Colleague: 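Have a look at this one before I ask anything.
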There are 2 protein chains.
Amino acid sequence: MPSLRRVVLERLMRYYRFLSESGAKKPPQTITSAQIAEALDIDPTQVRKDFSTIGLLGIGRVGFEVCEVCRAIRFTLGFDQRHEAVLVGTGHLGSALLAYSGFARYGLHIVAAFDKDPRRVGTKVAGCTVKSMRSLKPFVRRHGVRLAILTTPVDVSQKLADRLVSAGVKAIWNFTPTRVTAPPEVLVRDEHISLGLSEIAYHLTHETEHPSTPHVRAS
Amino acid sequence: MPSLRRVVLERLMRYYRFLSESGAKKPPQTITSAQIAEALDIDPTQVRKDFSTIGLLGIGRVGFEVCEVCRAIRFTLGFDQRHEAVLVGTGHLGSALLAYSGFARYGLHIVAAFDKDPRRVGTKVAGCTVKSMRSLKPFVRRHGVRLAILTTPVDVSQKLADRLVSAGVKAIWNFTPTRVTAPPEVLVRDEHISLGLSEIAYHLTHETEHPSTPHVRAS
DNA sequence: TAGATTGTTAATCGATTAACAATC
DNA sequence: TAGATTGTTAATCGATTAACAATC
């Protein structure tokens, strides 16, 4: 299977969230691409194409089996695998992520938290004991952790990333406002809140000028 | 000026962050599109095209004046305006956003926080007194607030959005994992963390299979 | 069977990149 | 002036949408 583009992965996630949630309420056995498209504001052809990309075949005149779709997406995105992560920076955002219980259903488990502040080291955040930065690299090595979540305040991001990469992580989920680079084989996903802000601020500023601007949904 | 696409707005934000940060250290008067492109991993032509879109002209053989670029981006994205926002939901993530001091430089000011939990109402979070949900609509109306930040746990998002829209907000910044819809003139920007997770989980799952996959940077 | 829905190819659309004359 | 850099048009690339025969 060729490697999937980011836009496709994100749509797969949206399908999965929609189907697994609505399935929880009242399980419909099957669903058509048109119904999914309607709910998520996506073109029905796009839905069928995405499904076909991950090897899902529908049934003519009927649609797709919800369970089968969910299973295929879980398989493709690797939700049934166990992904262990370390989190660095136990400020507000770090605590929020530690406390978030929704990750487990996607196979993500934060196994340790680290902080530079000695007053925080040893305390518990969301049931997770905060470790000192000194123990970061050995921990990652010893446990073979492949994902690091960066929620440090500022400016130390790149150095931290370098250390993590040399310790062996294969992906960095960067919530700091600083850009981070890594070798090609290490995925860096930036979640800069300021990117969202650009769209918000622009809209609020120009909203009165262009009342008829067609609505473009984010995400 | 025609309305700018999301990708353009996000690139403008990245230019702005880079130029205003690097300018803080050691102010170079001018910078070339190639230098910006190099730093941000963007095509130099793209940089020039974006600048030309917002009416910025460079100087042949020299490049662009950093201050002028920053000013033009600030003007276009509306950072010099004052944007007031209410925040709904003072859990971990809500607190993190309230405590984040970086918004002000983009003109964003969170003027009030609201929570359903009576035990939280009246307490202070990051210097902001938490108000009851009953007072949300009147507050938005009275102060003419145009942006709402949603950091509630789950499932109440759509109802809340409807109330906020009827109270007059023009944009919703949605950090909840639930999809929210609004009339065309109201911008909804979703910051679903799970979308990022799709890319992370996929990479971690398939990383060993495709060691030679070209590196695509996020953000 | 008839008709709704799929799977896929072709057409369109938009965004990115290349090329290059104009400019300082 | 010579040469580096811009601004813009044209070419490419990729993603989305339309069309429609195949299918259940």
Side-chain angles (χ1 to χ4, degrees), chain A residues 1-15 19 28-66 68-69 72-73 76 195 198-199 213-219, chain B residues 1-15 19 28-66 68-69 72-73 76 195 198-199 213-219:
Chain A
M1 184 157 61
S3 91
L4 302 178
R5 300 313 202 81
R6 186 146 76 105
V7 286
V8 177
L9 297 175
E10 295 194 356
R11 278 198 303 267
L12 289 177
M13 179 56 107
R14 296 181 59 199
Y15 302 141
L19 293 175
Q29 308 295 358
T30 62
I31 193 166
T32 67
S33 61
Q35 289 173 302
I36 297 174
E38 162 77 21
L40 300 180
D41 201 18
I42 294 175
D43 188 278
T45 307
Q46 187 68 271
V47 176
R48 297 201 293 277
K49 189 170 259 187
D50 288 336
F51 285 5
S52 130
T53 300
I54 59 171
L56 266 170
L57 291 187
I59 310 157
R61 213 179 68 100
V62 173
F64 295 83
E65 282 193 36
V66 173
E68 204 194 329
V69 174
I73 296 177
T76 302
L195 296 181
S198 68
E199 196 182 4
T213 297
H215 179 54
V216 179
R217 294 200 83 260
S219 171
Chain B
M1 184 158 62
S3 90
L4 302 177
R5 300 313 202 81
R6 185 146 76 104
V7 286
V8 178
L9 298 175
E10 295 194 355
R11 276 198 305 266
L12 290 177
M13 178 57 106
R14 294 182 59 198
Y15 302 141
L19 293 174
Q29 307 295 356
T30 61
I31 194 166
T32 66
S33 60
Q35 289 173 301
I36 298 175
E38 163 75 21
L40 300 180
D41 200 18
I42 294 175
D43 189 278
T45 309
Q46 187 67 271
V47 175
R48 297 201 293 278
K49 189 169 258 187
D50 288 336
F51 286 2
S52 132
T53 300
I54 61 170
L56 266 171
L57 290 187
I59 310 159
R61 215 181 65 101
V62 172
F64 296 84
E65 282 192 34
V66 173
E68 205 195 327
V69 174
I73 296 177
T76 302
L195 297 181
S198 68
E199 197 183 1
T213 298
H215 180 53
V216 179
R217 292 202 80 262
S219 173

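All values derive from a computational prediction rather than experimental measurement.
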Colleague: Rounded to the nearest angstrom, tell me the gap between atom CZ in A:Phe64 and atom C1' in C:dG7.
Modeller: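 The distance from CZ of A:Phe64 to C1' of C:dG7 comes to 8 Å, rounded to the nearest Å.
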Colleague: Rounded to whole Å, how long is the line connecting atom CD1 of B:Ile31 with atom C1' of D:dT5?
Modeller: 14 Å
Colleague: Using the side-chain hydrogen bond (donor to acceptor under 3.5 Å, both in side chains) rule, pick out the option among B:Gln46, B:Arg48, B:Glu38, B:Lys49 that qualifies with B:Ser33.
Modeller: B:Arg48
Colleague: I want to verify a distance call: between C:dC24, C:dT17, D:dT17, whose nearest atom is closest to the B:Ile59 side chain?
Modeller: C:dC24
Colleague: Can you see which heavy atom on A:Val47 is nearest to which on A:Tyr15, and at what distance?
Modeller: CA-OH, 3.4 Å
Colleague: Tell me the partner of C:dG14, counting only Watson-Crick (N1-N3 plus N6-O4 or O6-N4) or G-U wobble (N1-O2 and O6-N3) with both under 3.5 Å; none if nothing fits.
Modeller: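 For C:dG14, the partner nucleotide comes out as D:dC13, under the 3.5 Å rule.
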Colleague: How is A:Thr32 classified with respect to the nucleic acid when contacts are heavy atoms under 4.0 Å: base, sugar-phosphate, or nothing?
Modeller: sugar-phosphate
Colleague: Could you state the atom-to-atom distance from CZ of B:Phe51 to C1' of D:dT5 in whole Å?
Modeller: 14 Å
Colleague: Could you give the CZ-to-P distance, from B:Arg48 to C:dA18, as a whole number of Å?
Modeller: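 Going from B:Arg48 (CZ) to C:dA18 (P), I get 12 Å.
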Colleague: So, is A:Ser33 near the phosphate of C:dT5, with a side-chain N or O under 4.0 Å from OP1 or OP2?
Modeller: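 Answer is no, no contact under 4.0 Å.
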Colleague: For B:Ala37 and B:Asp43, work out which heavy atoms get closest and say how close.
Modeller: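 B:Ala37 and B:Asp43 have their closest heavy atoms at CB-C, 3.9 Å.
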Colleague: Respond yes when some side-chain nitrogen or oxygen of B:Arg11 is under 4.0 Å from OP1 or OP2 of C:dT16, and no when none is.
Modeller: yes
Colleague: Within less than 4.0 Å of OP1 or OP2 of D:dT8, is there a side-chain N or O belonging to B:Ser52?
Modeller: yes
Colleague: To the nearest Å, give me how far apart CZ (A:Arg61) and C1' (D:dA22) are.
Modeller: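 After rounding, the gap between these two atoms is 15 Å.
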Colleague: Consider the side chain of B:Leu57, meaning its heavy atoms from C-beta on, and name the nucleotide among D:dT8, D:dT17, D:dG7 that approaches it most closely.
Modeller: D:dG7
Colleague: On DNA chain D, does the nearest nucleotide to A:Val62 precede the nearest nucleotide to A:Gln46 from the 5' side, or the other way round? Give the residue.
Modeller: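 Its nucleotide being nearer the 5' end, the pick is A:Gln46.
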Colleague: Can you find a pair of side-chain heavy atoms, one from B:Leu9 and one from B:Met13, that are under 4.5 Å apart?
Modeller: no
Colleague: Report the base-pairing partner of C:dT23 (Watson-Crick or G-U wobble, both distances below 3.5 angstrom), or none.
Modeller: D:dA4
Colleague: A:Asp50 CG to D:dT17 P: how many Å, rounded?
Modeller: 11 Å
Colleague: Which nucleotide, D:dA10, C:dG7, C:dC20, lies nearest any side-chain atom of B:Lys49?
Modeller: D:dA10
Colleague: Can you tell me which residue among B:Leu56, B:Leu4, B:Thr53 is in a side chain to side chain contact (heavy atoms under 4.5 Å, CB included) with B:Thr76?
Modeller: B:Leu4
Colleague: Would you kindly give the CG-to-C1' distance between A:Leu40 and D:dT16, to the nearest whole Å?
Modeller: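 Rounded to the whole Å, the gap is 16 Å.
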Colleague: In whole angstrom, what separates B:Gln35's CD from D:dT5's P?
Modeller: 8 Å
Colleague: Which nucleotide sits closest to the side chain of B:Arg5: D:dC20, D:dT16, C:dG14?
Modeller: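 That would be C:dG14.
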